[in-house]
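Input: a single structure, listed below in structure tokens.
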There are 2 protein chains.
Amino acid sequence: MVRSEAGKKQVAVRGAGQDGVYEDRTLIDQLVADGELSDPASTRGRLLNCGARLFQQKGFARTTVRDIGAEVGILSGSIFHHFSSKEEILRCVMEEVIRFARARMAAAVAAEEDPRDQLRACIRCELEAVHGHSVPGFSILVLEWRSLSSESQASVLRLRDSYEQIWREVFTRLGRPLDDPALSRRLIQGAIAHTHNWFRPEGKTLSLEGLSGQILAVFAPE
Amino acid sequence: MVRSEAGKKQVAVRGAGQDGVYEDRTLIDQLVADGELSDPASTRGRLLNCGARLFQQKGFARTTVRDIGAEVGILSGSIFHHFSSKEEILRCVMEEVIRFARARMAAAVAAEEDPRDQLRACIRCELEAVHGHSVPGFSILVLEWRSLSSESQASVLRLRDSYEQIWREVFTRLGRPLDDPALSRRLIQGAIAHTHNWFRPEGKTLSLEGLSGQILAVFAPE
DNA sequence: TTGCGAACCAAGCAAGTGCTTGGTAGTTTC
DNA sequence: GAAACTACCAAGCACTTGCTTGGTTCGCAA
């Protein structure tokens, strides 16, 4: 709620900014320059970041436009100068989340050659996204899907498919564990998304790295 | 818990009742007689069944007490003669869903001897539950978990653990795919729950039986 | 200087929300 | 047969919700 001129410094590499801002600075800057993401320092960008965090924490229905405005430091009515409706905020959050996650994962896959290592990179990427590192708001894609109108769903779905395509290509190259790469992807997608409900990275017993290995062991045993 | 009246073949009366009532008559009757489920013909039972269906269709937040009352045929205020709050309806729905799903799966497991067949039975059971056959409202357990207060979550969690215990025992007997049965369960739980978002049983390409086989192939390859 | 539009405020509307209150039939209990 | 209880209705209260409206400030360009 306190207006913190925080927009400027955000040099944060690891350790998110006040609004839960993305971490990877160079990638962000590139995407902002390409017009794929809103500038996180702008009011619109801050509304999206705060919205993402609140939607993830409390859920879309339990988050009010007054909540979002208060965190950004403007009144609720002023939000509608930037977005035409509350639902549009959710849709834009989802779109930016997908664009960022897609760019991140594409880079991670391109850094590997062996298909199994590529799968490992995908798993790691999505796990980090689900657990709030690197891509805040990622789990909203699953949790709040039904909060979108069917028109918005169709729009977001097209974008999302370009993200899924990366996964499917990796499973195709791997040729496992099922004949149908799309089906493999859907099963692993559910398994990873569900870790949001039980896995706590701070728990000492199993690290996120260790969890990646276990999931890999199931979907691509050696 | 281990209601092993299993071999009784469960003469499922396919075709739900007016309120989308459970299918397996004999099992239901037994659980009602034991006081584990509300009589689906009573007002309370009908409120729970209607609530379950509406919560699943529209989500908890988007379902109003007026919606529920209208479906049952009473005014919204009268609901609070049976439940102290809207949230209590959700909690009771979840509890009854768990009790029924637990009894159904225990019976299915007890009917098999080979651990791999037992796993297949579990997968089949939970897939049917998730997709609205046999256990209406099952997916509420995942989708609306955050709509419960933390006290209610703790209460439901205890009950739910007795359901999860069945899964863990099966994975323990199977000794696959991971060393940790609880972890295996959580991964397969996510994979199965997520099918709710994409699998359509009426689609000709892949039946629910076929899907069961594919999931089994991943988590317990021959 | 003047004009203009972007960004925001202050106030509030209309529609809904969960839940309460006071009351009334019908049934059961003693 | 009076009392108590169950299950419900009719009405509405207190509050929250997304969003609108009219007006103000301020940077910037002509």
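Remark: side-chain polar atoms of E36(A) are not paired, donor with acceptor, to backbone N or O of R99(A) under 3.5 angstrom.
Per the geometry, CZ belonging to R44(A) stands 13 Å off P belonging to dC8(C), to the nearest Å. The distance from atom CG of L54(B) to atom P of dG18(C) is 12 Å, rounded to the nearest whole Å. Here the P atom of nucleotide dA10(C) and the CD1 atom of I79(A) are 15 Å apart, to the nearest Å. Whole-Å rounding puts the I68(A) CD1 to dC19(D) P distance at 11 Å. Put simply, CG on L75(B) is 17 Å from P on dT24(C), counting in whole angstrom units. Counting to the nearest Å, the C1' atom of dA11(C) and the CZ atom of F80(A) are 15 Å from each other. Whole-Å rounding puts the L47(A) CG to dC19(D) P distance at 14 Å.
Checking dG18(C), dC9(C), dG18(D) against the side-chain heavy atoms of I74(A) singles out dC9(C) as nearest. Here dC19(C) is the nucleotide among dT17(D), dC19(C), dC9(C) with the atom lying nearest to any side-chain atom of S85(B).
In the interface, the side chain of R66(B) is not paired with the base of dG16(C) through any donor and acceptor atom under 3.5 Å apart.
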For the pair R46(A) and E71(A), evaluate salt bridge (charged side-chain N to carboxylate O under 4.0 Å, His left out) and give the outcome as yes or no after the intermediate values. CA-CA 9 Å; R46(A) 300 178 64 215; E71(A) 296 241 350; over 6 Å; no
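Put simply, the residue from I28(B), D34(B), T26(B) that forms a side chain to side chain contact (heavy atoms under 4.5 Å, CB included) with Q30(B) is D34(B).
Side-chain N/O atoms of H82(B) include none lying less than 4.0 angstrom from OP1 or OP2 on dT6(D). The shortest distance between the side-chain N/O atoms of H81(B) and the OP1/OP2 oxygens of dT20(C) is not below 4.0 Å. The phosphate of dC8(D) has OP1 or OP2 within less than 4.0 Å of a side-chain N or O from T43(B). A close approach under 4.0 Å does not occur between any side-chain nitrogen or oxygen of S76(A) and OP1 or OP2 of dC19(D).
Residue S84(A) is out of contact with every strand shown, counting any heavy-atom pair closer than 4.0 Å. When heavy atoms are screened at a 4.0 angstrom cut-off, G73(B) is found touching the sugar-phosphate backbone but no base atom. Heavy atoms of T63(A) sit under 4.0 angstrom from primed sugar atoms or phosphate atoms, though from no base atom.
Each of S78(A) and R62(B) has a nearest nucleotide on DNA chain C; the 5'-most of these lies closest to S78(A).
One side chain, D67(A) or T64(A), offers a donor N or O that lies under 3.5 Å from an acceptor on the other. Using modelled atom types and a 3.5 Å distance limit, the side chains of S147(B) and R62(A) yield a donor-acceptor pair.
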